[in-house]
Amino acid sequence: NKKVILEEYTGIHCGACPGGHFQSQTLSNANPGNLFVINIHTGSLSAPNPGEPDYRVDPIGSNLCWATVPGAGSIGFPAGTVNRHEFPSPPDPQQGSGTFAYSQGDWPSIVPQIQSQTSPVNVGIQAHADASNTLIVDIEIFYTGSQTVTSNKLNVAVIQNNVLEDPMIQAAGSSNSFYYDPSNGTYTQQHMLRYLMTGQWGEDINTITQGTFIQKQYTWVLPPDINGIPLDPNNLAIVAFVSESST
C-alpha cells in the first residue's frame with residue numbers, strides 16, 4: 001500500500017509549531033517505514049533575528065508552501081500536507097476546497113486514508129557519502145499497477161536530523177517532550193529539508209506502464225553548511241517519492 005509523505009510547514013518563531021513537531025513525530029513513531037516527515041522552514045515565522053539560526057531553503061520552501069493553498073492569502077502554521085492530497089470533508093483543509101494544507105489536529109485522521117490505498121509503484125533507495133563528501137543516491141522504481149495518468153514525477157529530498165539548538169531558539173520548544181531536553185535547555189530540530197535533488201517539482205517519468213523498471217542515480221557535493229547551519233553527513237536521510245503531478 002501507499003506510504004505517507006507528511007510535509008510540515010514550520011518556523012522557529014511559531015509558538016504552536018512544537019505541537020506540530022510532536023504530532024508528526026508521534027505519527028512517524030507509530031508508522032515506522034510507512035510514514036516519512038519533511039519539515040520545511042519557511043514564511044515570516046521562520047525568519048531569524050540577528051544571531052539566530054536560519055533553517056530556510058527558500059525559494060524552494062516558500063514555493064512548496066504556497067502551492068498547497070493556491071489563491072489563498074494566508075496559511076496557519078503548523079500546517080501539513082499528506083501526499084499533497086485534498087481529502088473528502090471532514091476535515092476541511094485550512095483554506096477550503098481546492099487546497100490541501102491541513103492543521104496538525106487533522107493529520108491523524110487523514111493519514112490512514114492514504115495507507116489504505118494500493119500503490120501502483122515501488123521505490124527503493126540506497127545512499128552514501130563518499131570520501132570526497134559527495135552524496136550519491138541510487139533509486140530503483142518498479143511499476144506494479146496501472147494509473148489513470150500518463151506520467152509521474154520522481155522527487156528525491158535530502159533531510160537532516162539532530163540539528164541542536166543550544167540555547168533553544170524554537171518558540172515554545174519546551175512543550176515538545178520529544179525534542180526538548182530540560183536538563184540543559186536545548187531543542188533538537190528533526191526532519192529538516194536541506195535540498196531537493198530532483199529540483200523544485202521533481203523529475204518527469206514518462207513510461208509508467210505496469211512492469212516498467214527504472215534506475216536513477218543522483219549526486220550532490222555536500223556544502224559545509226546551508227545558511228550557516230552545518231551540514232552533517234552522519235545525520236542526513238533521503239526521502240524519495242513518486243507523485244502523479246507536481247502537486
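Here the structure is a predicted model, which is why all the values come from computation and not from measurement. Heavy-atom basis, side chains included; hydrogens, waters and symmetry copies ignored.
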Only one of I38, D58, I40 passes side chain to side chain contact (heavy atoms under 4.5 Å, CB included) with L64; say which it is. I40
With a 3.5 Å distance limit and no angle check, can you tell me whether Q210 reaches the backbone of G145 through a side-chain donor-acceptor pair? no
Would you find a donor on one side and an acceptor on the other, under 3.5 Å apart, between the side chain of R194 and the backbone of Y55? yes
Run the numbers on N34 and N31 for side-chain hydrogen bond (donor to acceptor under 3.5 Å, both in side chains), then give the verdict. CA-CA 5 Å; N34 291 310; N31 297 276; 5.6 Å; no
Test item: D130 side-chain N/O and T134 main-chain N/O as donor-acceptor pair under 3.5 Å: yes
Does the ring center of W220 lie less than 6.0 Å from the ring center of Y195? yes
If you compare all heavy atoms of S28 against all heavy atoms of V37, which two are closest, and at what distance to 0.1 Å? CB-CG2, 4.2 Å
Hey, mind stepping through F87 and Y102 against ring-ring contact (aromatic ring centres under 6.0 Å, His included) and telling me if it holds? CA-CA 10 Å; F87 295 83; Y102 289 84; 5.8 Å; yes
Q25 and side-chain hydrogen bond (donor to acceptor under 3.5 Å, both in side chains): which partner among Q190, E8, H191? H191
Please step through side-chain hydrogen bond (donor to acceptor under 3.5 Å, both in side chains) for the pair D138 and Q215, ending with a clear verdict. CA-CA 7 Å; D138 290 292; Q215 291 178 300; over 6 Å; no
Carboxylate-amine/guanidinium contact E140 K216, below 4.0 Å: no
Take T81 and L6 through the side-chain contact (heavy atoms from CB on, under 4.5 Å) test and state the conclusion after the steps. CA-CA 6 Å; T81 66; L6 172 53; over 6 Å; no
Check whether the ring centres of Y179 and F22 lie less than 6.0 Å apart, and answer yes or no. no
One pair to check against side-chain hydrogen bond (donor to acceptor under 3.5 Å, both in side chains): S89 and D92. What are the steps and the verdict? CA-CA 5 Å; S89 298; D92 295 312; 2.5 Å; yes
Out of the candidates I169, I12, I229, only one should pair with Q189 under the side chain to side chain contact (heavy atoms under 4.5 Å, CB included) rule; please name it. I12
Closest heavy-atom pair and its distance - P48, P53: CB-O, 3.3 Å
Quick one: closest heavy-atom pair of T99 and E86, and the distance? O-CG, 3.5 Å
Please check this pair: side chain of T198 against backbone of V156, looking for a donor-acceptor N/O pair closer than 3.5 Å. yes
Nearest heavy atoms of D181 and S183, plus distance in Å: OD1-OG, 2.6 Å
To check you understand the geometry: which heavy-atom pair defines the closest contact between Q94 and A79, and what is its length? NE2-CB, 3.7 Å
Step-by-step side-chain hydrogen bond (donor to acceptor under 3.5 Å, both in side chains) determination, Y180 to H21: CA-CA 11 Å; Y180 176 68; H21 299 166; over 6 Å; no
Atom CD of residue position Q126 - does it have more than 12 heavy atoms of other residues, nucleotides or ligands inside 6.0 Å? no
So, does Q117 use its side chain to make a donor-acceptor pair with the main chain of Q113 at under 3.5 Å? yes
Test salt bridge (Lys or Arg N to Asp or Glu O under 4.0 Å) on R84 and E7 and set out the steps. CA-CA 8 Å; R84 300 181 181 177; E7 293 171 289; 2.8 Å; yes
To the nearest 0.5 Å, how far apart are CD in Q23 and CG in N176? 11.0 Å
Determine whether E244 and K153 satisfy the following criterion, salt bridge (Lys or Arg N to Asp or Glu O under 4.0 Å), listing intermediate values before the conclusion. CA-CA 6 Å; E244 292 183 350; K153 296 275 191 178; over 6 Å; no
Run T219 and L135 through side-chain contact (heavy atoms from CB on, under 4.5 Å) and show every step you take. CA-CA 5 Å; T219 61; L135 177 65; over 6 Å; no
Residues D225, L231; criterion side-chain contact (heavy atoms from CB on, under 4.5 Å); working and verdict: CA-CA 5 Å; D225 66 85; L231 194 66; 5.7 Å; no
